[in-house]
Structures are given as structure tokens and as C-alpha cells.
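Data block below; observations after.
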Amino acid sequence: MRTPTLGPAERGEALARMADQELDVLVVGGGVVGAGTALDAVTRGLETGLVEARDWAAGTSSRSSKLIHGGLRYLEMLDFALVREALKERGLLLERLAPHLVKPVPFLYPLKHHAWERLYAGTGVALYDGMSLSSGHGRGLPAHRHLTRRRALRVAPCLRKDALVGALQYYDAQMDDARFVTTLVRTAASYGAHVANRARVVGILREGERVVGARVHDMEQGGDFEVRARQVVNATGVWTDETQALIGERGQFHVRASKGIHLVVPKDRIHSTTGLILRTEKSVLFVIPWGRHWIIGTTDTDWGLDKAHPAASSADIDYLLEHVNEVLAVPLTRDDVEGVYAGLRPLLAGESDATSKLSREHTVAHVAPGLVVVAGGKYTTYRVMAKDAVDEAVHGLDQRVGPCVTEDVPLAGAVGYQALWNGRARIAQRAGLHVARVEHLLNRYGSLTGEVLELIAEDPSLSEPLAGADDYLRAEVVYAVSHEGARHLDDVLTRRTRISIETFDRGTRCAREAAELMAPVLGWGQEQIDKEVRHYEKRVEAERESQRQPDDLTADAARLGAPDIVPL
């Protein structure tokens with residue numbers, strides 16, 4: 001089965017098909033849960049549509065800590081069921097569903113106290129490994145190990161000698177969250193789902209008490225149209241309450257937004273061969289390997305301002321730098337920070353719950369006949385959330401529907417990845433690329449790498465790296481537009497690639513080159529190219545300005561200084 005392209009023509013066709021027929025399931029929200037729900041529904045044989053108001057993963061699902069993990073800290077809360085579930089999903093992703101996208105990553109946990117802390121933390125990590133193995137999908141990761149201070153400093157020379165008396169090392173997994181969602185969407189499309197980004201639900205269709213579809217506005221071409229569906233699934237994350245409000249009724253539960261920010265610094269600023277996990281007075285702090293960079297995060301604060309563009313304030317940045325510098329021999333400064341990003345976690349809150357008891361569990365409910373809501377949860381367990389949502393939707397369909405099969409459905413690019421990885425030297429030789437470039441492509445596209453190489457064969461100039469962002473080839477920009485649904489410059493520099501957080505200039509140096517590469521595929525003239533570049537530059541400056549502000553309120557006001565979408 002050839003994975004379909006998600007270019008401009010395919011988007012238009014998907015919108016037309018959704019408008020012309022009644023779907024079994026319409027999924028609203030193109031984050032990881034919505035994309036997973038669309039894949040689950042279509043692989044049960046249901047006629048499925050998926051619409052997203054902005055870009056795939058534009059909200060929470062592109063702004064996470066990039067971890068696929070069981071949630072080691074939830075063991076301390078005695079939430080064994082959540083950890084067991086997440087560890088099974090981690091193993092499935094590593095071994096079967098997405099080995100090209102999900103990779104093992106080591107973490108060092110410095111011990112500050114002698115025997116009792118080693119016993120306490122060691123027991124927890126041993127239980128973590130044991131639960132992973134018992135899931136039947138945990139044999140791909142090395143077991144944890146105890147380290148003396150000398151051994152720990154050999155692994156992580158960046159640490160201050162007085163910051164630890166020993167350490168534990170264990171493994172979890174990581175991925176590029178935005179790329180993962182785009183791959184989920186393409187996988188759903190390959191099984192027949194109709195998918196369209198930049199398509200905002202502006203109303204809910206009802207016949208009496210029953211929800212029978214949605215009114216959708218095309219954010220690119222303009223105009224509204226109706227999509228009729230026997231079941232609608234609201235998978236809009238932190239926007240759940242706003243989407244529910246379209247039916248004019250109070251929900252059974254509410255979703256609160258918790259802001260988490262992350263810093264990106266160059267690899268050479270922290271001398272270590274392993275990630276770090278550090279305990280703070282509020283939670284834990286991760287220092288995560290990320291290619292030629294480190295990601296440092298995260299915070300956890302209540303957020304009630306603009307949800308589309310959560311802003312990181314100066315206080316947020318200082319908080320992370322202060323806590324990571326407590327253990328670093330060479331402290332980080334503001335000048336070391338390449339990128340900053342902020343995301344919102346969707347946390348469940350019942351109408352009478354205290355905010356201190358907000359949950360990472362997920363819930364699914366039929367809030368009205370024909371309308372299912374799925375909310376809460378965590379990235380790692382998106383597939384379980386999707387299964388539960390479709391199970392609930394199936395109850396409202398008057399037909400027999402098969403069981404969930406996504407545990408055995410590899411994502412696009414997974415099948416054949418290992419064989420291609422083994423032959424990467426030959427692929428590099430045939431393509432005229434350095435083997436490191438081919439490794440980079442395989443770990444982003446898996447067995448779909450051949451599609452990128454076809455673009456290079458047709459136009460050898462696409463084999464060159466982007467000026468000012470040489471981790472990425474020019475071909476990847478074209479591919480993002482022709483195959484992966486990117487519609488604007490921001491989509492490419494922020495989500496299809498991570499240039500916006502991986503360069504000190506935040507991608508402004510390569511913005512025009514990228515826009516010019518996108519233009520032929522999207523039919524842009526010079527006026528639209530200039531508009532896209534100006535918009536991106538304004539967005540970067542607004543983010544920089546927000547990060548100079550002392551608190552959330554002033555940071556939010558500064559971030560809103562740049563518009564959201566560039567009209568065509």
C-alpha cells in the first residue's frame with residue numbers, strides 16, 4: 001500500500017468528499033489523539049473524516065517534552081495502572097508501530113543521599129523495568145543500573161561533584177512529536193480516511209436532540225460547508241470546552257490547561273552522554289538529548305490566557321535555568337538558549353474538583369446523542385484514548401463494527417525501516433549523499449525516505465542543505481508541502497522541521513529560501529512569498545518579546561502582537 005500524499009490537491013479532494021457523503025465518524029482535532037482516533041476508526045472499516053482548524057499538531061502535540069515514557073513519577077503516586085498501560089504502549093511503538101520515529105534514550109538520576117535514597121529510587125526504577133518486561137513489549141531497552149559517583153561523572157562530566165553521591169541510569173524513549181502526528185495522519189489517509197487541515201469547525205449540526213455532523217470553514221479558500229456524520233468525536237484537547245460549547249450545553253467535565261515550557265540549548269553546552277532527570281520542589285526536570293541539542297523542561301503552571309499561542313515569560317526561563325544550574329559544573333546563561341517553546345497540557349477537572357487534583361487520566365463520554373468527547377490523558381497513551389473514543393462512538397452506530405486493530409498497524413514508514421537502515425551505506429552511495437544524511441532521513445521518514453530521494457533525483461539542487469539550517473535538506477521543505485500537508489512557512493519551520501527552535505536566529509535566515517521552495521507547489525507568487533516571510537519574522541519577534549516579559553499576562557500580550565494565519 002502506497003502512502004498517499006497530502007498535497008494541496010489531495011486536501012481539496014478530501015474536503016469535497018466529506019461534503020458529498022455522510023461519514024460514519026467525523027473526528028474534530030488534528031493532534032495526536034484526533035489523528036489516532038481517525039486511524040482507529042478507519043481501520044475498523046468506518047467511513048472516516050478528520051478536520052483540524054490549524055496545522056496538524058499545531059497545539060499541544062507539537063510542544064511536548066518529546067518523550068514516550070511510562071511516567072516514572074506516577075509510580076511514586078502509586079498509579080500503577082497508568083504506568084503499566086503507558087509502558088506497554090512505549091514498547092509497542094519502539095518494537096512494532098513506529099521504530100523509525102521512536103528511539104531509546106538514557107537518563108541519569110543523580111542521588112543526593114546515601115543508602116536510603118538509593119534503596120528507595122532503585123526500587124522504583126526496578127519496578128519500572130519489571131512492569132515494562134511484564135507488558136510483553138519491553139525487551140528492546142537496556143535494564144537500569146546503579147552507578148557510583150565516579151562512574152556517574154564519567155557518563156555525565158557536566159555535573160558538579162557536590163551535586164551527587166551516586167546515580168541511577170535507566171532508559172525511556174523519545175520522538176519528534178509533530179512528525180509523529182503527521183505520520184499518523186498519513187497512515188489514516190492510506191487506509192481511506194479523508195483528512196484536511198486548516199478546516200475549522202464553526203458549528204454543530206443537530207436534528208432534534210441528535211448531533212448529525214458539523215459546519216466547517218475552509219481557512220485557506222474561504223467558505224463554509226456541512227459535513228454530515230453519524231458520530232462526531234471531539235478530540236480538541238485544551239479546546240474541548242470551546243468545542244462542546246458549540247452545542248450550547250454544559251459538559252459533563254471540564255479541561256484545564258497547564259503550561260509547560262522548554263528550552264533548547266546546543267549539545268556542546270552540556271557535556272554528557274546521557275539525559276538527566278532532576279527532582280525539583282514541584283515536580284521533575286528533564287535534560288533530554290535532541291540531535292545536536294538538549295531540551296530542558298518543563299514547568300507546570302495554570303494557564304487561562306490565549307490557548308493557540310501560550311507564551312513563555314522571562315520568569316519561566318529563569319526558573320528552568322536556575323534549577324538546571326543547581327547541578328551543572330558550568331552554568332547555562334540566557335545566551336546559551338537557542339529556542340524556547342511553550343505547550344499546554346489538557347488536564348481533566350470535574351465541576352467541583354480542586355485544581356490541585358487535576359488528572360493525567362483520560363475520559364470518554366457521549367455528551368449528547370451522536371457526539372463523543374475524549375479528553376485528558378498523555379501523549380504516550382494516545383492509542384488507548386483513540387480506541388476508547390471509537391468504542392464509545394461505535395455504541396451509537398446501528399451496525400456491527402470490528403474490534404480495534406491499531407496494536408498491529410505499523411505507521412507509515414515503519415515497514416521495511418530496519419532493512420533500509422542496514423543498507424544505509426548503499427543508499428547513500430546511490431543517492432550521492434553522506435551516510436549521515438541518509439541516517440537523518442531514515443529516522444524522520446523511515447521507508448518513505450525513497451520519496452524524498454526521488455525529489456532529489458528530479459532536481460539535484462534539493463540535495464543541498466538549507467542555508468542557516470544545515471541539518472535539513474532543501475528537499476525536505478518541498479516534501480513537507482507536496483506530501484505532508486504543510487500550507488504555510490510556519491508549518492515547515494516549526495513542525496515539519498524544528499528549525500524554529502534549533503537555531504539561534506529561530507529560522508529567520510532560511511525563511512525566504514524555504515518560502516521560495518514551497519511556492520511552486522502551493523502556487524504562490526512573489527507577493528505571497530513576501531507575506532509569508534514577513535509573517536514568520538513577526539512571529540519570531542513576538543515570541544522573543546514575550547520571553548522578555550516578567551509574567552504570563554504581559555508575555556501573552558506580547559505574543560499576540562503577531563497574527564496567527566497568513567491569508568492567501
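Predicted model, so just to flag it, every value in this text is computed and none were measured.
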CD/Gln526: more than 12 non-hydrogen atoms of other groups inside 6.0 Å: yes
Side-chain donor or acceptor of Lys66 paired with backbone N/O of Ser62 under 3.5 Å: yes
Donor-acceptor under 3.5 Å (Gln549 side chain, Ser546 main chain): no
Flag for Tyr379-Glu89: side-chain donor and acceptor within less than 3.5 Å: no
Residue pair Asn197, Arg11: steps toward the side chain to side chain contact (heavy atoms under 4.5 Å, CB included) verdict: CA-CA 8 Å; Asn197 56 356; Arg11 177 184 177 275; 3.8 Å; yes
Shortest non-hydrogen contact between Phe107 and Val287, atoms and distance: CE2-O, 3.9 Å
Glu476/Arg496 ion pair, N-O < 4.0 Å: no
Neighbour count above 12 (heavy atom, 6.0 Å) for Arg269 CZ: yes
NZ/Lys267: more than 12 non-hydrogen atoms of other groups inside 6.0 Å: yes
Side-chain donor-acceptor contact under 3.5 Å, Glu537 with Thr508: no
Verdict with reasoning, Val181 to Asp177, per side chain to side chain contact (heavy atoms under 4.5 Å, CB included): CA-CA 6 Å; Val181 174; Asp177 47 11; 5.8 Å; no
Atom pair CZ (Arg498) and CD1 (Ile295), whose distance is rounded to the nearest 0.5 Å: 7.5 Å
Donor-acceptor contact present, side-chain Arg444 to main-chain Asp176, <3.5 Å: no
Carboxylate-amine/guanidinium proximity below 4.0 Å for Lys259 and Asp302: no
Rounded distance [0.5 Å steps], OG1 in Thr497 versus CG in Leu473: 11.5 Å
Aromatic plane relationship, His323 with Tyr319 - under 30° parallel, 30 to 60° tilted, over 60° perpendicular: tilted
Residues His293, Val265; criterion side chain to side chain contact (heavy atoms under 4.5 Å, CB included); working and verdict: CA-CA 6 Å; His293 318 269; Val265 302; over 6 Å; no
Spacing of OG1 belonging to Thr301 relative to CG belonging to Asp552, to within rounding of 0.5 Å: 5.5 Å
Any donor-acceptor N/O pair, Glu513 side chain to Ala467 backbone, under 3.5 Å: yes
Interatomic distance, Cys158 atom SG to Leu276 atom CG [nearest 0.5 angstrom]: 5.0 Å
Approximate separation, where rounding is to 0.5 Å, of Leu433 CG and Ser463 OG: 6.0 Å
Reference residue Arg198; test salt bridge (Lys or Arg N to Asp or Glu O under 4.0 Å); the match among Asp491, Asp490, Asp55: Asp491
N-O pairing of Lys538 and Glu541 below 4.0 Å: no
Arg292 and Asp268, any side-chain heavy atoms less than 4.5 Å apart: no
Check ion pair Asp306-Arg559 (N to O, under 4.0 angstrom): no
pair Ile499-Thr494: side-chain heavy atoms closer than 4.5 Å: no
Glu439/Arg424 ion pair, N-O < 4.0 Å: yes
Side chain proximity check, Ile456 to Pro460, heavy atoms < 4.5 angstrom: no
Pairing of Asp241 and Arg256 as salt bridge, 4.0 angstrom limit: no
Heavy-atom donor-acceptor pair, Thr280 side chain to Leu285 backbone, under 3.5 Å: no
Side-chain donor or acceptor of Arg495 paired with backbone N/O of Arg179 under 3.5 Å: no
Short side-chain to backbone donor-acceptor contact, His100 and Ala412, under 3.5 Å: yes
Heavy-atom donor-acceptor pair, Tyr341 side chain to Ser64 backbone, under 3.5 Å: yes
Check: Gly31 main-chain N/O paired with Trp56 side-chain donor or acceptor under 3.5 Å: no
Side-chain heavy-atom pair Glu484, Tyr479 within 4.5 angstrom cut-off: yes
Distance-only side-chain donor-acceptor flag, His488 / Glu220, under 3.5 Å: yes
Donor-acceptor side-chain pairing of Thr243 and Thr236 below 3.5 angstrom: yes
Intermediate values then yes/no, side-chain hydrogen bond (donor to acceptor under 3.5 Å, both in side chains), Asp551 and Ser313: CA-CA 5 Å; Asp551 54 42; Ser313 69; over 6 Å; no
Centroid separation Phe286 to His262 less than 6.0 Å: no
Working for side-chain hydrogen bond (donor to acceptor under 3.5 Å, both in side chains), residues Glu543 and Gln547: CA-CA 6 Å; Glu543 287 189 348; Gln547 291 154 21; 4.7 Å; no
Salt-bridge present (Arg186, Glu451; N to O < 4.0 Å): yes
Side-chain (Asn325) to main-chain (Leu321) donor-acceptor, under 3.5 angstrom: yes
Arg506/Glu338 ion pair, N-O < 4.0 Å: no
N-O pairing of Asp530 and Arg512 below 4.0 Å: yes
Side-chain heavy atoms of Leu411 within contact of Leu184, under 4.5 Å: yes
Approximate separation, where rounding is to 0.5 Å, of Thr274 OG1 and Ile288 CD1: 11.5 Å
Worked check of side chain to side chain contact (heavy atoms under 4.5 Å, CB included) between Val105 and Tyr171: CA-CA 6 Å; Val105 59; Tyr171 279 77; 6.0 Å; no
Minimum heavy-atom distance between Ile277 and Pro110, given as atom pair plus value: O-CD, 3.4 Å
Evaluation steps, ring pair (Phe, Tyr, Trp, His ring centres under 6.0 Å), between Tyr382 and Phe180: CA-CA 11 Å; Tyr382 81 90; Phe180 189 93; 5.5 Å; yes
